[in-house]
There are 2 protein chains.
Amino acid sequence: MTQAAGPAGSDTDAVISLTGRFADRDAWQAEGWCRIEHALELIGTRSAMILMREIYYGGRRFDDLARRTGLTEAVAAKRLKQLVADGLLQRRPYQDPGKRTRYEYVLTDLGRDLFPVLVALIQWGERLGRPGGVELVHVGCGSPLGVVVSCAKGHEVALPDTAARLVADGDGASAS
Amino acid sequence: MTQAAGPAGSDTDAVISLTGRFADRDAWQAEGWCRIEHALELIGTRSAMILMREIYYGGRRFDDLARRTGLTEAVAAKRLKQLVADGLLQRRPYQDPGKRTRYEYVLTDLGRDLFPVLVALIQWGERLGRPGGVELVHVGCGSPLGVVVSCAKGHEVALPDTAARLVADGDGASAS
DNA sequence: CTGTATCCCAGCGGATACTG
DNA sequence: CAGTATCCGCTGGGATACAG
């Protein structure tokens, strides 16, 4: 099967085997096609990632977030503002009875969806062998969390069984 | 239940519910306990991550890696050297018959284990909605890849069912 | 082809001081 | 408590030129 790009069927996508090289990689260059780079634009900094970590660990108020991450207030403020602007967090006012209005930072759906990335990072970080640290566990059974790579149909997938598909701008959208 | 740290059973680990705050978070501070930060020390830069991406896409030679990532040779060289030093990649000489010796960069086990992080990042990057891009698919069935958060026992886990466990230096190691 | 060496600038992130 | 303002050093990464 010729799975190299080209006039094979619709021109909206092409599948190229990763296991067997793929010379056409160069044709993809285009502009900013890479989703990893898109993702890194938002959480590509250390401060952004560990702030998100702290939010997952239950932090909500500016003070806690800054102290627990070890970031300076200046950096924490700047980064939190950016994370809110980017839609990962939401700044929400709330009021304890008898106290003055405070603000808390809570996850948006987009922010919640980042969780697997954090888990994958923690899992890999453990692999580095440096002792100590915090790990996440399943509350139900107490065993540590990790991520499993699988396809949308539920098959568990290993690295050699993967291929890259070029998704053109239009996006098929049709339930092919 | 007092699940805060302290003399509860062995002192090698403590479980703190994430869903219900956890006041003792501050007690953890210690030194460099965070695995995410360990991980980010090695792949926390844009160049490191997209070089790894390119390796997963099948790139092996310096020239290809530099061009396809869009990095300058200077940056690519520096980052590749670091990735080799950190044990994610291996620089291997090889020789096409009749040609002079060349070098290629190939994944080590540690580098291979980073794959789930990349997949999680791509999956989240797609969520950002910017059209176009490349996605990874399962060669067997053609559906796109993603990651699933699950515990070591195989249960699929959602965010509210997670807790954080402090792993002390000694590491129990005993098959408790 | 596979890098090295320089120059340069923007951004991250620490420190410190100050405001509502 | 929740930031803002300023200063400043470090590194990431682009550009360009050169080397084995």
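Predicted model, so just to flag it, every value in this text is computed and none were measured. To find a chain, count down the sequence lines: A is the first, B the second, and so on, and within it residues start at 1.
- Counting non-hydrogen atoms of neighbouring residues, nucleotides and ligands closer than 6.0 angstrom, the CZ atom of A:R112 exceeds 12 such neighbours.
- For B:Y56 and B:F115, the ring centers are positioned less than 6.0 Å apart.
- Dashed line: the shortest gap from a side-chain N or O of B:K78 to OP1 or OP2 of C:dT4 is not under 4.0 Å.
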Residues B:F62, B:E73; criterion side chain to side chain contact (heavy atoms under 4.5 Å, CB included); working and verdict: CA-CA 8 Å; B:F62 180 85; B:E73 292 94 342; 4.0 Å; yes

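- For the pair A:K81 NZ and C:dC12 C1', the interatomic distance rounds to 17 Å; values are reported in whole Å.
- OP1 or OP2 of C:dG3 has at least one side-chain nitrogen or oxygen of B:Y105 nearer than 4.0 Å.
- Out of D:dG14, D:dG12, C:dT2, the shortest distance to the side chain of B:D63 is found at C:dT2.
- As rounded to whole Å, 17 Å separates atom P of C:dG20 from atom CZ of A:F62.
- In this entry the distance linking CD1 of A:I43 with P of C:dG11 reads 19 Å, nearest Å.
- Nearest-nucleotide assignment on DNA chain D puts the 5′-proximal partner with A:E73, out of A:E73 and B:S47.
- Panel note: side chain B:T108, backbone B:G87; a donor-acceptor pair is recorded below 3.5 Å.
- Regarding contacts with the backbone of D:dG3, a side-chain N or O of A:R91 is found under 4.0 angstrom from either OP1 or OP2.
- We find that CG of B:L83 is positioned 11 Å from P of D:dG13, with the value rounded to whole Å.
- Distance B:R46 CZ to C:dC12 P: 13 Å, rounded to the nearest Å.
- For the pair B:A74 and B:R61, both in contact range of DNA chain C, the more 5′-proximal nearest nucleotide belongs to B:R61.
- In this structure, A:L51 places its CG atom 9 Å from P of C:dG13, rounding to the nearest Å.
- Under a 3.5 Å cut-off, the side chain of B:T162 and the backbone N or O of A:V137 do not form any donor-acceptor pair.
- In this structure, B:L80 places its CG atom 15 Å from C1' of D:dG12, rounding to the nearest Å.
- The CG atom of B:L65 sits 13 Å away from the P atom of C:dC1 (whole-angstrom rounding).
- Proximity note for B:T45 (side chain, C-beta onward) versus C:dG3, D:dG13, C:dC12: the nearest is D:dG13.
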